[in-house]
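Data first, discussion second: the structure below is written as structure tokens.
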Amino acid sequence: MKIASWNVNSLKVRLPQVLAWLEQARPDIVGLQETKLTDENFPAEALAEAGYQSVHSGQKTYNGVAVLAREPITGVVTDIPGFADHQRRVLAATIGDTRFINLYVPNGKAVGDEKYDYKLAWLSHLREWLAAEQERHPRLAVVGDFNIAPEDRDVHDPEAWRERILCSTPEREALQALTGLGLRDSFRCFDQPEGTFSWWDYRMNNFRRNRGLRIDLILTAPALTERLTASYVDREPRAWERPSDHAPVVAEFTV
DNA sequence: ATGGTCGGTAGCCGA
């Protein structure tokens, strides 16, 4: 089994790249973030022709998350239970015996901003939900754009980013609270090249200079962690014409 | 040198 996560930064613009990547990578389950589409504009037919069933929780202009899968999708949940939010950032689904939770974690804008407080509150509620989900579904994968670089080695210039948004200690502690539930950052279950990132700002030729952050993650519960065979960032689509500012991240498993 | 680029949308906001 091969699963993936990709912040596409507008699925309207990025559909050709997404279809090309699905064809070459052939993942079984994919979480997309920042589709920026309403449900009626979601390209379900084009994805079906590519061999993927899909569910979408959409919103005009902002956010929007989708799950694509080769097998039937059931058990769809679109909100963190008990956390009312009009922002479409959550999409949980069951495919086979895998529970797949796709997240677009709030960016937070800047440390101390009201959006930062929303981000930390959101992550606190997420932790409570994931603790319960893991009880119900041992084969749990939590994927998405977490908008948090877990450690300094996930940041091209840690000193420049020290205690800034995406890297602050409270954000990292909120992420560690998820790994404290037994969810592992699958990427770190393997030796990895230094300077591996998943997001590069469009400005300043940051991709060419590899000035990025690793903020797109695939977390796995023990029943999946023990079946992990690989976890990596696929940088290739970031180098394509008219790219998203994020690259897809991938995890592979035995069965 | 404190900006720079995208995308959505129509003057800026969000990332």
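In what follows, every chain begins at residue 1, and chains take the letters A, B, ... in the order their sequences are listed.
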Using the C1' atom on both, measure B:dA10 against B:dG14 and round to a whole Å.
15 Å
Please measure how far the P atom in B:dG4 lies from the corresponding atom in B:dC12, and state the result in whole Å.
15 Å
By side-chain contact (heavy atoms from CB on, under 4.5 Å), A:Ala20 pairs with (sequence neighbours left out) A:Trp240
- prompt: Are any of A:Lys109's side-chain N or O atoms less than 4.0 Å away from OP1 or OP2 of B:dA15?
  reply: no
Have [X] and [Y] got a donor and an acceptor in their side chains that come within less than 3.5 Å?
{"X": "A:Ser5", "Y": "A:Gln33", "value": "yes"}
{"X": "A:Asn63", "Y": "A:Glu34", "value": "no"}
{"X": "A:Asn7", "Y": "A:Arg14", "value": "no"}
{"X": "A:Thr78", "Y": "A:Ser57", "value": "no"}
{"X": "A:Trp21", "Y": "A:Asp234", "value": "yes"}

Between [atom2] of [N] and [atom1] of [X], the distance in whole Å:
{"X": "A:Gln59", "N": "B:dG14", "atom1": "CD", "atom2": "C1'", "answer": "12 Å"}
{"X": "A:Arg14", "N": "B:dG8", "atom1": "CZ", "atom2": "C1'", "answer": "12 Å"}
{"X": "A:Asn7", "N": "B:dG7", "atom1": "CG", "atom2": "P", "answer": "12 Å"}
{"X": "A:Gln87", "N": "B:dA15", "atom1": "CD", "atom2": "C1'", "answer": "13 Å"}
{"X": "A:His246", "N": "B:dG7", "atom1": "NE2", "atom2": "C1'", "answer": "12 Å"}
{"X": "A:Arg238", "N": "B:dA15", "atom1": "CZ", "atom2": "P", "answer": "18 Å"}
{"X": "A:Asn9", "N": "B:dC13", "atom1": "CG", "atom2": "C1'", "answer": "14 Å"}
{"X": "A:Trp199", "N": "B:dC6", "atom1": "CH2", "atom2": "C1'", "answer": "12 Å"}

Sequence neighbours excluded, the answer for salt bridge (Lys or Arg N to Asp or Glu O under 4.0 Å) partners of A:Arg203 is A:Asp201
Taken in chain and number order and not counting sequence neighbours, the residues that satisfy salt bridge (Lys or Arg N to Asp or Glu O under 4.0 Å) with A:Arg214 are A:Asp154, A:Asp185
When you compare the protein's N or O atoms with those of nucleotides 2-5 of chain B, which come within less than 3.5 Å of each other, and at what distance?
none

The correct set of residues in residues 31-45 of chain A placing a heavy atom under 4.0 Å from DNA chain B is A:Lys36
Show me the donor-acceptor pairs, under 3.5 Å and distance only, between side chains in residues 246-255 of chain A and residues at least two apart or in other chains.
residue: A:His246; atom: ND1; partner: A:Asp216; partner atom: OD1; Å: 3.3
residue: A:His246; atom: ND1; partner: A:Asp216; partner atom: OD2; Å: 2.9
residue: A:Glu252; atom: OE2; partner: A:Tyr232; partner atom: OH; Å: 2.8

Which of B:dA15, B:dG7, B:dG8 is nearest the side chain of A:Lys12? It is B:dG8
The residue, A:Leu11 or A:Tyr62, whose nearest nucleotide of DNA chain B is more 5′ is A:Leu11
Over all strands shown, is A:Tyr104 touching base, sugar-phosphate only, or nothing at heavy-atom distances under 4.0 angstrom?
sugar-phosphate
